[in-house]
Undergrad: 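Sharing a structure here in structure tokens format.
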Number of protein chains: 2
Amino acid sequence: MRRDVFQAIADPTRRQIIRLTAHESLNLNAVAENFDMSRPAISKHIRILTECGLVIVRQEGRERFCRADLSTLHAVSEFIDPYRKFWSQKLDSLEAYLAKDAKRKRKRSSKKTNRK
Amino acid sequence: MRRDVFQAIADPTRRQIIRLTAHESLNLNAVAENFDMSRPAISKHIRILTECGLVIVRQEGRERFCRADLSTLHAVSEFIDPYRKFWSQKLDSLEAYLAKDAKRKRKRSSKKTNRK
DNA sequence: TAAATTTGTAACCGATCGGTTAAATAATTA
DNA sequence: TAATTATTTAACCGATCGGTTACAAATTTA
């Protein structure tokens, strides 16, 4: 079953799972708590997300921790980037974001960050 | 029928239609020439694209000219932009693109462009 | 070992998807 | 007016989607 990142992000539940696991690993139950649907339904969504590389699962005992692999979104970026100029206001805000981000990057370059 | 831009771009044919009509208006036949499928199939895709605002149709006699409204993609941009830093190489190339685009914009600011 | 916890799998359901062919509609051309 | 052209609509099709419930499997805890 060929999975595609565009198809994966077409579903709002899956987009929310990506947001939830973007900055921390959550097991399936923790993900499911955020939705009004059964655990098997969430399990299926996570399977689709892993099949296209948008989420990575790490097994730990009987639990499975999910974490978004956001670099996979670059395929979407490649599609929309050539058209950025068509929403220039957003473009400006992105430029501002990039500038801020570059600044932050320089600031942190000496300190070492600890992430689990 | 609630149409959503994420669902609209999930299909590769529709993404191609967006690319084709990004910089020129094409009537349905001209769009269909690019695909190995029937005109009614293309007509349905265009309908989905127009329903979520990704394509605008201008009737001219018996022909209908399609043109992408790329600003609608900002919704997708809002979803992925917070994660840009996770594919930094691409981020760098975007920065380069933005710089080049800004330069080009300045260059053209005096000449007037004619577009139909 | 027995019970509880976490998760996946199987079978099912109705709705939607992406395509088809055939026919209808509307505008243009001969 | 008749024929041609551009397109949409209708009806249909099999496949996939997004959910459910029931059950199985594996790990941890009592």
Side-chain angles (χ1 to χ4, degrees), chain A residues 1-21 24-69 72 76 79, chain B residues 1-21 24-69 76 79 116:
Chain A
M1 215 160 290
R2 207 58 237 110
R3 289 296 178 183
D4 170 47
V5 61
F6 287 93
Q7 184 240 329
I9 65 168
D11 183 86
T13 299
R14 289 196 287 269
R15 288 199 298 278
Q16 189 59 25
I17 292 176
I18 291 171
R19 289 187 199 98
L20 287 168
T21 61
E24 57 175 343
S25 288
L26 297 177
N27 68 7
L28 188 134
N29 270 337
V31 172
E33 273 173 10
N34 296 275
F35 301 93
D36 188 28
M37 71 180 71
S38 69
R39 275 186 292 265
I42 299 295
S43 180
K44 281 188 186 182
H45 282 305
I46 289 175
R47 168 196 267 268
I48 289 170
L49 289 167
T50 57
E51 275 176 353
C52 75
L54 266 171
V55 157
I56 288 168
V57 174
R58 167 176 48 91
Q59 186 106 25
E60 206 159 291
R62 64 186 162 191
E63 293 175 87
R64 305 185 68 195
F65 286 91
C66 307
R67 181 89 189 239
D69 179 357
T72 307
V76 182
F79 173 63
Chain B
M1 214 161 291
R2 207 58 236 107
R3 289 297 178 181
D4 170 47
V5 61
F6 286 94
Q7 185 241 329
I9 66 168
D11 184 85
T13 299
R14 289 196 288 266
R15 288 199 297 278
Q16 189 59 26
I17 292 176
I18 290 171
R19 289 189 199 98
L20 287 168
T21 61
E24 55 176 344
S25 287
L26 297 177
N27 68 6
L28 187 134
N29 270 337
V31 172
E33 273 173 12
N34 295 275
F35 300 93
D36 187 28
M37 71 179 71
S38 67
R39 275 185 291 265
I42 299 297
S43 180
K44 281 187 185 181
H45 282 305
I46 290 174
R47 167 196 269 267
I48 289 170
L49 288 167
T50 56
E51 276 176 353
C52 73
L54 266 171
V55 157
I56 288 167
V57 174
R58 168 176 47 93
Q59 186 107 25
E60 205 159 292
R62 62 186 162 190
E63 292 175 88
R64 305 185 67 195
F65 287 90
C66 306
R67 180 90 190 238
D69 180 357
V76 182
F79 173 62
K116 191 167 177 211

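It should be emphasised that the depicted structure is a prediction, and the values quoted were computed from it without experimental measurement. Chain letters run A, B, ... following the sequence lines, proteins first, then strands; residues in each count from 1. No hydrogens, no waters, no symmetry mates; every other heavy atom, side chains included, goes into these values.
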Undergrad: For each nucleotide in nucleotides 2-15 of chain D, reading 5' to 3', give B when a protein heavy atom comes within less than 4.0 Å of its base, S when such contact involves only the sugar-phosphate, and - otherwise.
TA: --BBSBSB-B----

Undergrad: Identify each donor-acceptor pair in which a side-chain atom of residues 30-39 of chain B lies under 3.5 Å from a protein atom, sequence neighbours left out, and give them as a table.
TA:
| unit_1 | atom_1 | unit_2 | atom_2 | d |
| --- | --- | --- | --- | --- |
| B/Asn34 | ND2 | B/Ala30 | O | 2.9 |
| B/Asn34 | ND2 | B/Val31 | O | 3.2 |
| B/Ser38 | OG | B/Ala41 | N | 3.3 |
| B/Arg39 | NH1 | B/Asn29 | OD1 | 3.3 |

Undergrad: Check side chain to side chain donor-acceptor pair (under 3.5 Å) between B/Arg62 and all other residues, then give those that pass, not counting sequence neighbours.
TA: none

Undergrad: Please determine if a side-chain N or O atom of A/Ser38 lies less than 4.0 Å away from the OP1 or OP2 oxygen of D/dG19.
TA: no

Undergrad: Quick one: which residue pairs count as a salt bridge (charged side-chain N to carboxylate O under 4.0 Å, His left out) with a foot in residues 6-15 of chain B, not counting sequence neighbours?
TA: none

Undergrad: Please enumerate all residues that pass side chain to side chain donor-acceptor pair (under 3.5 Å) together with B/Gln16, with sequence neighbours excluded.
TA: B/Arg19

Undergrad: Please give, in whole Å, the distance from C/dG19 C1' to B/Asp36 CG?
TA: 12 Å

Undergrad: Roughly how far, to the nearest 0.5 Å, is CG of B/Leu28 from CD1 of B/Ile17?
TA: 8.5 Å

Undergrad: What's the closest nucleotide to the side chain of A/His45 if the choices are C/dT20, D/dG19, C/dG18?
TA: D/dG19

Undergrad: Side chains of A/Glu24 and A/Leu26: closer than 4.5 Å at any heavy-atom pair?
TA: yes

Undergrad: Specify the separation, in whole Å, of atom CG of B/Asp4 and atom C1' of D/dC17.
TA: 15 Å

Undergrad: For B/Gln7 and D/dC17, is the shortest distance between a side-chain N/O and OP1 or OP2 below 4.0 Å?
TA: no

Undergrad: For a 4.5 angstrom cut-off between non-hydrogen side-chain atoms, does B/Phe79 reach A/Ile18?
TA: yes

Undergrad: Apply side-chain contact (heavy atoms from CB on, under 4.5 Å) to the pair A/Leu49 and A/Thr21, showing each step before the final yes or no.
TA: CA-CA 11 Å; A/Leu49 289 167; A/Thr21 61; over 6 Å; no

Undergrad: For DNA chain D, what residues of residues 8-17 of chain A have any heavy atom nearer than 4.0 Å?
TA: A/Asp11, A/Arg14

